[in-house]
Enquirer: 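I have a structure here, written as structure tokens, and I will follow up with some questions on it.
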There are 2 protein chains.
Amino acid sequence: MRPLFHPALEDIRPEAILYALSDPERAAIFAWLSGAGCGGTCSALGQLGERVIPKSSLSNHFKVLRESGLILSERQGVEMRNQTRCAELDERFPGLIKAILTAYGQLPEQPKAD
Amino acid sequence: MRPLFHPALEDIRPEAILYALSDPERAAIFAWLSGAGCGGTCSALGQLGERVIPKSSLSNHFKVLRESGLILSERQGVEMRNQTRCAELDERFPGLIKAILTAYGQLPEQPKAD
DNA sequence: TCCGTAGTTCAGAAATTCGGAACTGTTGAT
DNA sequence: ATCAACAGTTCCGAATTTCTGAACTACGGA
């Protein structure tokens, strides 16, 4: 397995962030990570809405979030702990993440972990 | 030519906005429209950065912006006047558009019309 | 009516995304 | 040490989406 790539704060590009969060499934994962203080793992995520997300897709979602600079992933034993980079991001792009989460929050659908 | 579709304010979805603006070319067009108070047209746009954007691509960019709810297009004689829906949008998604434009604004590249 | 300009639509090539199956790496049990 | 189970990744073919040149439509002026 290749080592995980995380962009440096100054290399994070707005288009990558918008792209990553333009997928409602990914946005829901990110929102869930923002909420759950602990480092969320793929398997802890369970289901988001109706659909069961195949694990290869889930893995890809985390990869997109990671490489866009939205989250930090770290292997911890057998599982992968993920946390948002919200504080850093708000420094670089003031108000952006919050505005996006708020925008999504206005819709009925909520992320729900089982 | 089919009549132009514009979503009602309440039908505008955050994912559509993020998707539309996750393309730097489209974001630059939108930023340019936000700046230029007048209704910008395709041909007034000229060039954005290095690349000359083919007009079919340009037409498609405007369509994506329009159908995501970001801009209002109106035929005026032979040309199409476009303006942003910033005020409305800020009501529905407070702070979102501004934060996105600010995020892009931090990068060196500027939209430039010839 | 005929021409030029502004923009749209069409269609095929290229690129991207999706997801099942196989694989890797880690832990714990025997 | 070997094995099994589990968490997640990678691979790769199918489906979808994007891109753009060429053809087309719409309008205005001469």
Enquirer: 5'-most contact on DNA chain C: A:His61 or A:Val78, nearest heavy atom basis?
Expert: A:His61
Enquirer: Provide, to the nearest angstrom, the distance between the NZ atom belonging to A:Lys63 and the P atom belonging to C:dC18.
Expert: 13 Å
Enquirer: Over how many whole Å does the gap from B:Lys55 atom NZ to D:dA22 atom P extend?
Expert: 12 Å
Enquirer: Please report the distance, rounded to the nearest Å, between CG in B:Leu58 and P in C:dT9.
Expert: 14 Å
Enquirer: Step by step, work out the side-chain contact (heavy atoms from CB on, under 4.5 Å) result for B:Cys86 and B:Phe30.
Expert: CA-CA 10 Å; B:Cys86 284; B:Phe30 183 77; 4.0 Å; yes
Enquirer: A:Ile29 CD1 to D:dG8 C1': how many Å, rounded?
Expert: 13 Å
Enquirer: Please determine if a side-chain N or O atom of A:Arg51 lies less than 4.0 Å away from the OP1 or OP2 oxygen of C:dG19.
Expert: yes
Enquirer: Of the nucleotides D:dC19, D:dA7, D:dC27, which has the atom closest to the A:Glu79 side chain?
Expert: D:dA7
Enquirer: Would you mind telling me which residue lines up with the more 5' stretch of DNA chain D, B:Arg26 or A:Arg66, judged by nearest nucleotide?
Expert: A:Arg66
Enquirer: Taking the side chain of A:Ser57 as heavy atoms from C-beta outward, which of D:dG8, C:dG19, C:dA6 is closest to it?
Expert: C:dG19
Enquirer: Report the C-alpha separation of A:Leu21 and B:Tyr19 in whole Å, then their side-chain angles, then the decisive distance to 0.1 Å, and conclude whether the side-chain contact (heavy atoms from CB on, under 4.5 Å) test is met.
Expert: CA-CA 8 Å; A:Leu21 295 179; B:Tyr19 171 74; over 6 Å; no
Enquirer: Can we say B:Arg51 and B:Glu25 salt-bridge, meaning some charged N sits less than 4.0 Å from an Asp/Glu carboxylate O?
Expert: yes
Enquirer: Could you check which of D:dA7, C:dA6, D:dG21 has an atom nearest any side-chain atom of B:Pro54?
Expert: D:dG21
Enquirer: Expressed in angstrom and rounded to an integer, what is the separation of B:Asn60 atom CG from D:dA22 atom P?
Expert: 18 Å
Enquirer: Of A:Asp23 and A:Gly77, whose nearest nucleotide on DNA chain C comes first from the 5' end?
Expert: A:Asp23
Enquirer: Rounded to the nearest Å, what distance is computed from the CZ atom of residue A:Phe5 to the P atom of nucleotide D:dT9?
Expert: 16 Å
Enquirer: For the pair made of CD1 in B:Ile53 and P in D:dT18, what is the distance, rounded to whole Å?
Expert: 16 Å
Enquirer: Can you measure A:Gln76 atom CD to C:dG25 atom P for me and round it to whole angstrom units?
Expert: 19 Å
Enquirer: Name the one of A:Arg81, A:Gln76, A:Arg75 that satisfies side-chain hydrogen bond (donor to acceptor under 3.5 Å, both in side chains) with A:Glu79?
Expert: A:Arg81
Enquirer: From the set C:dG7, C:dG19, C:dT26, return the single nucleotide nearest to any side-chain atom of A:Ser56.
Expert: C:dG19
Enquirer: Is there a donor-acceptor pair under 3.5 Å between the side chain of A:His6 and the backbone N or O of A:Arg66?
Expert: no
Enquirer: Among C:dG19, C:dC18, C:dG7, find the nucleotide with the atom closest to the side chain of B:Met80.
Expert: C:dG7
Enquirer: Considering only C:dA6, C:dT9, D:dT18, which nucleotide approaches the side chain of B:Ser59 most closely?
Expert: C:dT9
